[in-house]
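Everything below concerns the one structure shown next.
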Number of protein chains: 2
Amino acid sequence: MARRSEHSLEEIKEMILKAAEDIIVMDGLQALKVRRIALEIGYTVGTIYMVFENMADLIMHVKGRTLDELGDFLDEYSPDVPSDQQIVILAKKYLEFANQNYNLWSMIFEHRLSKDQAIPEWYQDKVDQAFVRIEKLLAQLAPGYEQPYVHSAARAIWSGVHGICILSLTDRLSYVEIQKIERNIMLLVENFIRGWVLTSESNH
Amino acid sequence: MARRSEHSLEEIKEMILKAAEDIIVMDGLQALKVRRIALEIGYTVGTIYMVFENMADLIMHVKGRTLDELGDFLDEYSPDVPSDQQIVILAKKYLEFANQNYNLWSMIFEHRLSKDQAIPEWYQDKVDQAFVRIEKLLAQLAPGYEQPYVHSAARAIWSGVHGICILSLTDRLSYVEIQKIERNIMLLVENFIRGWVLTSESNH
DNA sequence: ACCTGAACACCGTTCAAGT
DNA sequence: ACCTGAACACCGTTCAAGT
């Protein structure tokens, strides 16, 4: 025992994160235990505390990964359509990601760190990267509003899309059910934009 | 010890729920432990299992209570204002409740029961009572749309309001910060309604 | 019948001890 | 230096034993 050096610390860290993700995808966040991760990667519990401070730290890193994946997924949007349709497409992609990766996605919002623990800066950056990027994309599509107002509108409509997702989605829905949610998202986004553009025009 | 009969089972149940609520309000759901509840009500842990199946059962009852309180609070809305303003007022009241009772309110959405446990019927009824009532109120304000379409729109805009709340709120925000969130809610609701009424008019 | 509290299984975390 | 695994504190839940 001890001093195996079969894997570098970086490799072990990667193995742990991969194992944790697998467990969450299969059985949800509640099924994530140190001993199970240890078993899955062929090390003992102590090893996990070599590369992560504690469980909360490990979970934050899994959440960070999911945010990265979400960002990458949303970047694959197709820019060869009318502006107002792009928002709908982006919103649909968000729904698709949330549905396909439900246990990982919902974990981002379910898990709250205890009051004394501050949100790590690197994590907050990832949140910003994922969501502010969305807001920027939406803001590009805006008519001649003032910058801060555009930002608010983007944030409002995007929160709205997220609200529909979080209240509608459960573990794994059928295609028909997803289509219903898609229609609700379109309802919200299209009517909002229609009302918004209308106000813009009457201002000029 | 044993056979005290100082309180009826109903009284004990009430004491437990009250203690649990107090703990959650003060220190959040994570601070809720059987032993702490037992200490607070002056009984031992075994007693709690006389009136509740387990912790999950107890938590569901606390969530049910919060839903009742939320419903009562929203019923205090003032009907002596223009229809389109009523939605905004209702949405603002929702934000107010969520902010004032943050730990209880967020618990409704944070806590997920393990996969094997089904949602109790009485709890699902309370959810419907709280949220479908909102949807009905919103639906009343609608122009001459078809019934199912009105219902979808109500659900969409209400999910949107909830989305803004869930992404904006944290433990206890200042009055200024709450006002910012209020403005985002108004932005979403007012523009949605404007766009929606517009479509309605062009259909007739 | 009502309530206790020791006992159990399981959890995250630590750290002296091995190589 | 790297890794183990026993030990600790704490958790939810049970149930034989008291009155």
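Letters A, B, ... are given to chains in the order of the sequence lines, protein chains preceding strands, and every chain is numbered from 1.
Looking at DNA chain D, the stems built from 3 or more consecutive Watson-Crick or G-U wobble pairs, each pair with its key distances under 3.5 Å, are C:4-8 with D:12-16, C:12-16 with D:4-8.
The salt bridge (charged side-chain N to carboxylate O under 4.0 Å, His left out) search around B:Arg36 returns B:Asp27, not counting sequence neighbours. In this structure, the salt bridge (charged side-chain N to carboxylate O under 4.0 Å, His left out) partners of A:Lys18, at least two apart in sequence or on a different chain, are A:Asp22. Applying the side-chain hydrogen bond (donor to acceptor under 3.5 Å, both in side chains) rule to B:Glu11 yields no partners; only residues at least two apart in sequence or on another chain are considered. With sequence neighbours left out, B:Tyr94 forms a side-chain hydrogen bond (donor to acceptor under 3.5 Å, both in side chains) with B:Trp105, B:His162. In this structure B:Arg194 satisfies the salt bridge (charged side-chain N to carboxylate O under 4.0 Å, His left out) test with no other residue, sequence neighbours excluded. For the salt bridge (charged side-chain N to carboxylate O under 4.0 Å, His left out) test, residues two or more places apart in sequence or in another chain that qualify with B:Glu76 are B:Lys93. Evaluation of the side chain to side chain contact (heavy atoms under 4.5 Å, CB included) rule for A:Ala19 yields A:Ile37, A:Glu40, A:Ile41 as partners, not counting sequence neighbours. Qualifying side-chain hydrogen bond (donor to acceptor under 3.5 Å, both in side chains) partners for B:Gln179, counting only residues two or more places apart in sequence or in other chains: B:Tyr175. Remark: A:Lys126 engages A:Asp68 in a side-chain hydrogen bond (donor to acceptor under 3.5 Å, both in side chains) (not counting sequence neighbours).
Atom pair B:Asn54:CG and D:dC11:P shows a separation of 17 Å (rounding to whole Å applied). Atom CG of A:Leu9 is separated from atom C1' of D:dA1 by 10 Å (rounded to the nearest Å). In this structure, A:Gln30 places its CD atom 13 Å from P of C:dC11, rounding to the nearest Å. Rounded to whole Å, the distance from CE on A:Met55 to P on C:dC11 is 10 Å. Atom C1' of nucleotide C:dG12 and atom CG of A:Leu58 are separated by 12 Å, given to the nearest angstrom.
For residues 12-29 of chain A, proximity to DNA chain D is found at A:Ile12, defined as any non-hydrogen atom under 4.0 angstrom from a strand atom. Using a 4.0 Å cut-off on heavy atoms, the residues of residues 31-53 of chain B that approach DNA chain C are B:Arg35, B:Tyr43, B:Thr44, B:Gly46, B:Thr47, B:Met50, listed by number.
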Derivation of the side chain to side chain donor-acceptor pair (under 3.5 Å) call for A:Glu177 and A:Ser174: CA-CA 5 Å; A:Glu177 288 169 310; A:Ser174 70; 3.1 Å; yes

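Side chain of B:Asn99 to main chain of B:Leu95: no donor-acceptor pair is present (N/O by atom type, distance under 3.5 Å, no hydrogens or angles).
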